[in-house]
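First up is the structure itself, then whatever we jot down about it.
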Amino acid sequence: MDLHETTAEVAHRVRRHVVDMCAGPEGGHLGGSLSSVDILVALYFGVLRVDPTDFAAPDRDHFLLSKGHAAIALYATLAERGFFPVAELAGYGTSSGRLMGHPVRAVPGVELPTGSLGHGLALGLGFALSARLARADRRSFVLLGDGELQEGACWEAALGAAAQRADNLVAVVDRNGLQLTGRTEHITGLEPLADKWRAFGWAVREVDGHDRDALRAALGSAPWEPGRPSALIARTVKGNGLPFAAGRVGSHYALLSARMAAKARAALDEHPDGDR
Ligand SMILES: Cc1ncc(C[n+]2csc(CCOP(=O)(O)OP(=O)(O)O)c2C)c(N)n1
Ligand SMILES: [Mg+2]
């Protein structure tokens, strides 16, 4: 993969891979994967210091997909970044491959298994604190779902990170407004979300979560305030890019028929730059 290629092209291919995997034997988490694509592409193609040929390099940045159900978006991004062959994505949903429904460490580039929601931020804090102990300038990034934030352990980790002044920790919230069964604000409301993170001692910014340049600028410049961890609230659309899925609760999981997959690919190809 040529890093100079525009991230629009990469993000387009990642979205297509997501659709292809959702058309595989088991289907996949379509909506929350599509809402995270631009965040993942911005991170892996411009922010994270990682080396696909030496993915356990001691000086690497760490990334955890705390919303591990979006594994197919992570796999597609890692493959496009060169961590393993793109052809391997075709094995998703079969018993033969190593690409499980949630990320596991057998996959090059996956730091820890995630997907039991609520645990990623504490684990990411651990990476951040270990970097500090090693006197290394590594950063630790964690991508969380907004519904996931209803897990109390997220806020325990948020408190701990601020108390530890872990300014090498960055939380990104995929703020798509939807969780498994409905709107977050109808179930267990999170607003005012930015103020909550601020009150917990974090530096906070908000961004259009499908604007990869804005994401890259914000994430690349963290920490934003010395001594404070950084929280980026990325406003996204669940099912982004697919008219029949965008903004719909029902996009959460999909086993796409051949007809729907073709429709999805056509919709993506109509807007290869990701414009909605
Ligand atoms: C501890 C735990 N409880 C329940 C689930 C099942 N689950 C998977 S995704 C999901 C909804 C998460 O919503 P959100 O974090 O907003 O994800 P997104 O909208 O980005 O898909 C749930 C309840 C889980 N993975 N872990
Ligand atoms: Mg959500």
Side-chain angles (χ1 to χ4, degrees), residues 7-41 44 65 67-80 84-103 107 115 117 143 145-148 174-184 186-187 208-212 234-276:
T7 61
E9 288 162 20
V10 180
H12 178 59
R13 286 202 300 274
V14 170
R15 280 190 287 272
R16 281 194 60 124
H17 295 318
V18 166
V19 165
D20 290 347
M21 285 184 268
C22 288
E26 299 286 337
H29 284 94
L30 179 67
S33 294
L34 289 175
S35 66
S36 290
V37 165
D38 292 305
I39 299 165
L40 289 167
V41 170
Y44 277 93
L65 182 69
K67 46 167 286 187
H69 58 283
I72 54 177
L74 177 63
Y75 298 155
T77 306
L78 288 173
E80 285 289 341
F84 56 87
V86 168
E88 196 175 331
L89 298 174
Y92 179 77
T94 67
S95 53
S96 58
R98 55 184 171 178
L99 304 181
M100 303 286 123
H102 291 76
V107 181
L117 297 171
L143 177 55
D146 50 2
E148 177 180 12
D174 182 341
R175 183 66 169 124
N176 57 32
L178 296 172
Q179 54 191 93
L180 183 61
T181 54
R183 308 203 74 78
T184 59
H186 291 170
I187 296 171
D208 174 344
H210 298 300
D211 181 339
R212 286 176 307 280
R235 288 183 301 273
T236 58
V237 176
K238 199 155 174 167
N240 183 52
L242 304 181
F244 62 84
R248 301 206 177 173
V249 183
S251 73
H252 188 77
Y253 198 94
L255 173 50
L256 296 175
S257 64
R259 189 180 67 85
M260 287 306 282
K263 203 170 148 183
R265 289 184 199 103
L268 293 179
D269 290 350
E270 226 176 282
H271 300 282
D273 51 3
D275 284 352
R276 303 185 294 284

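Heavy atoms only: backbone and side chains are in, while hydrogens, waters and symmetry mates are out. Position 1 is the first residue of the sequence; numbering continues from there.
Taken from CG in L178 to CG in D146, the straight-line distance is 7.5 Å, to the nearest 0.5 Å. Note that the CD atom of E80 and the OG1 atom of T7 stand 12.0 Å from one another [nearest 0.5 Å]. With rounding to the nearest 0.5 Å, the separation of CE in M21 from CG in L30 is 11.0 Å. Atom CG of L256 sits about 5.5 Å away from atom SG of C22, to the nearest 0.5 Å. Atom CG of L40 and atom CG of L65 lie 6.5 Å apart (nearest 0.5 Å). The distance from the NE2 atom of H186 to the OG1 atom of T181 is 11.5 Å, given to the nearest 0.5 Å.
Residues satisfying the side chain to side chain donor-acceptor pair (under 3.5 Å) test with S96, not counting sequence neighbours, are T94. Listed by chain and residue number, nothing satisfies the side chain to side chain donor-acceptor pair (under 3.5 Å) test with S33 (two or more places apart in sequence, or in another chain). Partners of R16 by side-chain contact (heavy atoms from CB on, under 4.5 Å), not counting sequence neighbours, listed by chain and number: H12, R265, L268, D269. In this structure A234 satisfies the side-chain contact (heavy atoms from CB on, under 4.5 Å) test together with I39, V172, V207, L215, T236, sequence neighbours excluded.
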Would you list the atom pairs, donor with acceptor, under 3.5 Å between side chains in residues 70-77 and any protein atom, with sequence neighbours excluded?
| unit_1 | atom_1 | unit_2 | atom_2 | d |
| --- | --- | --- | --- | --- |
| Y75 | OH | M100 | N | 3.4 |
| Y75 | OH | M100 | O | 2.7 |
| Y75 | OH | H102 | O | 3.2 |
| T77 | OG1 | A73 | O | 2.7 |

For residues 243-253, tabulate all N or O donor-acceptor pairs below 3.5 Å that involve a side-chain atom, not counting sequence neighbours.
| unit_1 | atom_1 | unit_2 | atom_2 | d |
| --- | --- | --- | --- | --- |
| S251 | OG | R248 | O | 2.8 |
| H252 | ND1 | K238 | NZ | 2.8 |
| Y253 | OH | E26 | O | 2.8 |

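Nearest heavy atoms, E88 versus R98: OE2-NE, 2.7 Å. Here the shortest heavy-atom pairing between L117 and H69 reads CD2-ND1, 4.0 Å. Between D174 and S36, the closest heavy-atom pair is OD2-OG, 2.7 Å.
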(request) With side-chain contact (heavy atoms from CB on, under 4.5 Å) as the test, would you mind laying out the steps for N240 and V37 before giving the verdict? (result) CA-CA 9 Å; N240 183 52; V37 165; over 6 Å; no
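Taking the side chain as every heavy atom from C-beta outward, V10 and Y44 never approach each other to under 4.5 Å.
A side chain to side chain contact (heavy atoms under 4.5 Å, CB included) with R15 holds for exactly one of L242, V41, D38; it is D38.
D273 places no side-chain N or O within donor-acceptor distance of the main-chain N or O of A8, the cut-off being under 3.5 Å.
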